[in-house]
Structure formats: structure tokens, C-alpha cells
Protein chains: 2
Amino acid sequence: MEMPDQIRLQNKKIRMTSQRSTILEVLKSLRTHPTADQVYEIVKKRLPKISIGTVYRNLDMLSRLGLIKKINVGTPQMRFDGRTEEHYHVVCNRCGKVEDVEINDDFDPFRKLHKAISHRTGFEIKALEINMVGICPDCVKRGNLPLED
Amino acid sequence: MEMPDQIRLQNKKIRMTSQRSTILEVLKSLRTHPTADQVYEIVKKRLPKISIGTVYRNLDMLSRLGLIKKINVGTPQMRFDGRTEEHYHVVCNRCGKVEDVEINDDFDPFRKLHKAISHRTGFEIKALEINMVGICPDCVKRGNLPLED
DNA sequence: ATATATGCAAAGACTTTGCTATCGA
DNA sequence: TCGATAGCAAAGTCTTTGCATATAT
């Protein structure tokens with residue numbers, strides 16, 4: 001996975017390291033939404049000496065650079081997403097699964113929210129953080145109980 | 001603030017204590033979205049011996065009972081909201097302000113999402129957690145920088 | 001009376017950071 | 001070369017929990 005040269009962040013030159021590129025590759029190859037610790041476990045298979053602090057620092061930097069997204073699904077742990085296009089998530093409150101909601105021109109009930117909410121509140125809306133929390137089809141079938149009880 | 005008698009949670013009788021009722025009263029009286037620590041500071045003025053652990057335990061219990069809501073605006077700290085009707089928040093990423101988005105019959109761009117997303121994903125959607133992140137009018141005026149930089 | 005809740009302090013979970021050595025451009 | 005990054009371990013922040021005491025019903 002290559003990165004454009006000479007990126008700067010807060011006036012510092014960003015350097016490509018094996019740790020950073022591996023973390024980016026891993027996230028781009030997944031369609032899941034791992035926690036920092038899960039990224040660490042995966043990357044450690046390729047770079048056994050990597051430390052969790054490096055993982056956190058790189059996840060933070062990559063998301064500041066806009067190469068990945070840091071997402072929040074209502075749990076204490078942040079999750080990371082290799083998809084950077086605007087999209088939304090459904091979260092199962094029984095098994096914890098997080099799935100993307102695919103949107104396209106025929107199906108984008110979110111886009112119009114920007115304007116409506118800006119007008120309503122006077123905020124300049126930059127991002128919608130939308131989690132739809134419910135029960136995934138598998139958990140419905142199995143009658144699983146909510147996680148939190 | 002009174003609580004109905006003989007509530008049970010997980011087969012245990014819920015008891016009303018001064019700590020619990022004070023926390024509930026405080027939250028119901030605020031239109032802000034305080035952190036647990038902010039609730040603690042406010043409640044301590046009335047009950048100086050209360051401990052932070054009690055505040056956390058009661059905030060958790062009151063939200064399990066549906067008397068308050070625990071909300072997550074994308075920051076590491078949970079926030080608490082005395083309004084339990086379905087509503088949404090705008091979050092300023094410069095000053096951290098969290099405001100309610102008032103909805104009514106003429107303005108509820110969210111309600112239709114339930115059905116659309118259920119149909120799209122196969123999830124039984126129970127709740128929409130929507131934070132609109134942007135810049136509040138004051139921060140636009142003052143040219144404030146984002147919090148995270 | 002007794003099960004539930006409190007206060008306190010310790011522990012837990014997750015994340016950040018200081019420091020020295022190493023590495024990339 | 002030399003400034004940016006890594007590894008390590010310690011510290012930080014927020015939240016939960018074990019235990020003895022107090023309290024609501």
C-alpha cells in the first residue's frame with residue numbers, strides 16, 4: 001500500500017514505516033471494524049515486535065490524514081474503518097456485530113439531513129455520526145439476549 | 001422527584017435513596033448533557049458525602065430503568081441526558097457544546113430511517129444514535145479551531 | 001429483618017506519553 | 001544527517017468493583 005510523498009501534518013513530514021503501512025494495509029483489507037487491540041493482534045502476526053503504543057499512534061495519525069476513519073459505535077472502545085467514503089453503520093446490541101449500510105444514489109436517506117439540520121440548528125454540520133442500533137438477523141433467529149444484561 | 005414503587009431490575013427490588021433521587025432530579029432539571037463527573041460535582045453540593053462510585057452506579061441504573069439516557073457524542077466520556085423521548089444531538093467539535101435537535105411533526109427527518117434501514121440491512125432497528133458534528137454558531141463567529149488539534 | 005445501596009479505595013479497561021534507540025528520506 | 005518514529009514501560013483518564021457499613025422497605 002503506497003502513500004503519497006511528503007505529506008505533512010502540523011508542519012511535520014510524515015514518514016512511511018513498515019508499522020504504519022502494515023496497519024494501513026490491514027485495515028484496507030478488512031471489511032470489519034476492529035478495535036485498536038484487534039488491529040494490534042493482527043499486525044503482530046506480521047511484525048511481532050510492534051507495540052500497542054505504536055498501533056495507537058498510527059491509527060490516530062492515519063485517521064488525521066484521512067486514510068482511515070475512527071468510529072464510535074457507542075461502546076467504550078473506538079473502532080477503525082479502512083473505508084473512508086461517507087457511510088453508516090448498523091450495530092447489533094446482542095452480538096456486537098457492526099456492519100456497513102451500503103448507500104447509493106437510489107438509497108441515501110442521510111444526505112438531506114445535512115442541510116435540514118444546519119438550517120434548524122445554525123450549526124455548520126461537518127459529519128453525521130449515525131449508528132443504527134438493533135438486532136441482527138442471526139440474533140433474531142437465535143433469540144440472543146442483549147449484550148448489556 | 002418520585003419514582004414508581006416496587007420497580008424491579010433483574011429480579012431485584014429497586015430502592016429509592018436520597019442519592020438516587022437527587023441524581024435524577026439534577027438530570028431532569030438540566031438541559032445540558034453532563035458527564036458523570038459533572039453530575040458528581042453538582043450533586044455533591046447537596047450531598048457532600050456522595051462518592052463518584054455511587055454516581056456511576058446510579059447513572060447506570062437510572063438509564064437501565066429508562067428514566068434517563070446514556071449518550072455518547074464521540075468523546076471518551078459518556079454523557080447523561082434527563083430527556084428520554086427520542087431526540088438527537090448536534091455536537092460542536094470546537095467548543096464541545098452538545099445541543100438537542102428539536103423535532104416535531106413538521107420536522108422529523110429521522111423517523112423514516114427506521115423502516116428504510118431495517119429493510120435494507122435485515123436488522124431490527126431499536127434506536128438511532130445520531131450525532132451531527134460540526135461547528136456551532138458562536139465558534140463560527142469567533143473562528144475557533146477544532147478541539148482535537 | 002434483611003436485601004439493597006453507599007462510601008471508600010483499589011482495580012480494571014482503554015489510551016496516551018516520556019524517553020532512548022532506531023530508522024527513513 | 002537528523003528529524004520522525006518505534007518500543008517499552010509508566011502514567012493518565014474514565015469507569016467498575018469488592019468489601020464493610022448503613023439504610024430503605
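Just so it is clear: chains get the letters A, B, ... in the order the sequence lines come, proteins before strands, and each one is counted from 1.
Between the CE atom of B:Met78 and the C1' atom of D:dT15 there is a distance of 10 Å, rounded to whole Å. Nucleotide D:dT25 holds its C1' atom 16 Å from the NZ atom of B:Lys12, rounded to whole Å. The interatomic distance linking B:Leu47 (CG) with D:dA22 (C1') rounds to 15 Å, in whole Å. Nucleotide D:dT23 holds its C1' atom 12 Å from the CZ atom of B:Arg20, rounded to whole Å. If you take OH of A:Tyr40 and P of C:dT16, they are 16 Å apart, rounded to a whole angstrom. Atom CD of A:Gln77 and atom P of C:dT16 are 12 Å apart (whole Å). Atom pair A:Ile23:CD1 and D:dG7:C1' shows a separation of 13 Å (rounding to whole Å applied). Rounded to whole Å, the distance from CD1 on B:Ile7 to C1' on C:dT4 is 14 Å.
Looking at B:Lys28 and B:Glu25, no side-chain N of the basic residue comes within less than 4.0 Å of a carboxylate O on the acidic one, giving no salt bridge. A salt bridge does not link B:Asp81 with B:Lys70: every distance from a Lys NZ or Arg NE/NH1/NH2 to an Asp or Glu carboxylate oxygen is 4.0 Å or more.
Of the candidates B:Glu129, B:Arg83, B:Arg79, B:Ile71 forms a side chain to side chain contact (heavy atoms under 4.5 Å, CB included) with just one, namely B:Arg79.
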Would you tabulate the pairs of protein nitrogen or oxygen atoms and nucleotide nitrogen or oxygen atoms of nucleotides 17-24 of chain C closer than 3.5 angstrom?
| residue | atom | partner | partner atom | Å |
| --- | --- | --- | --- | --- |
| C:dG18 | O6 | A:Arg57 | NH1 | 3.2 |
| C:dG24 | O3' | A:Met16 | O | 3.3 |
| C:dG24 | N2 | A:Arg15 | NH1 | 3.4 |
| C:dG24 | N2 | A:Arg15 | NH2 | 2.9 |
| C:dG24 | N3 | A:Arg15 | NH1 | 3.4 |

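Contact between the side-chain N/O atoms of A:Gln19 and the OP1/OP2 oxygens of D:dG7 is found at a separation under 4.0 Å.
From B:Thr22, atom OG1 reaches atom CZ of B:Arg46 across 5.0 Å, with rounding to the nearest 0.5 Å. The CD1 atom of B:Ile23 lies 8.5 Å from the CD1 atom of B:Ile68; values are rounded to the nearest 0.5 Å.
Nucleic acid contact class of A:Asp60 (heavy atoms, under 4.0 Å, all strands): none. Heavy atoms of B:Asn58 sit under 4.0 angstrom from primed sugar atoms or phosphate atoms, though from no base atom.
When distances are taken from the side chain of A:Ser51 to each of D:dC8, C:dT15, C:dT4, the shortest belongs to D:dC8. Taking the side chain of A:Lys49 as heavy atoms from C-beta on, and the options D:dC8, D:dA4, C:dG7, the nearest nucleotide is D:dC8.
Where A:Ala36 and B:Ile50 each meet DNA chain C at their nearest nucleotide, the meeting point lying more 5' is that of B:Ile50. Between B:Pro76 and A:Asn11, the residue whose closest nucleotide on DNA chain D is further toward the 5' end is A:Asn11.
Ring-plane geometry between B:His33 and B:His89 is classed as perpendicular, the angle between the planes exceeding 60 degrees on a 0 to 90 degree scale with a lower cut at 30.
B:Ser18 pairs by the side-chain hydrogen bond (donor to acceptor under 3.5 Å, both in side chains) definition with nothing, not counting sequence neighbours.
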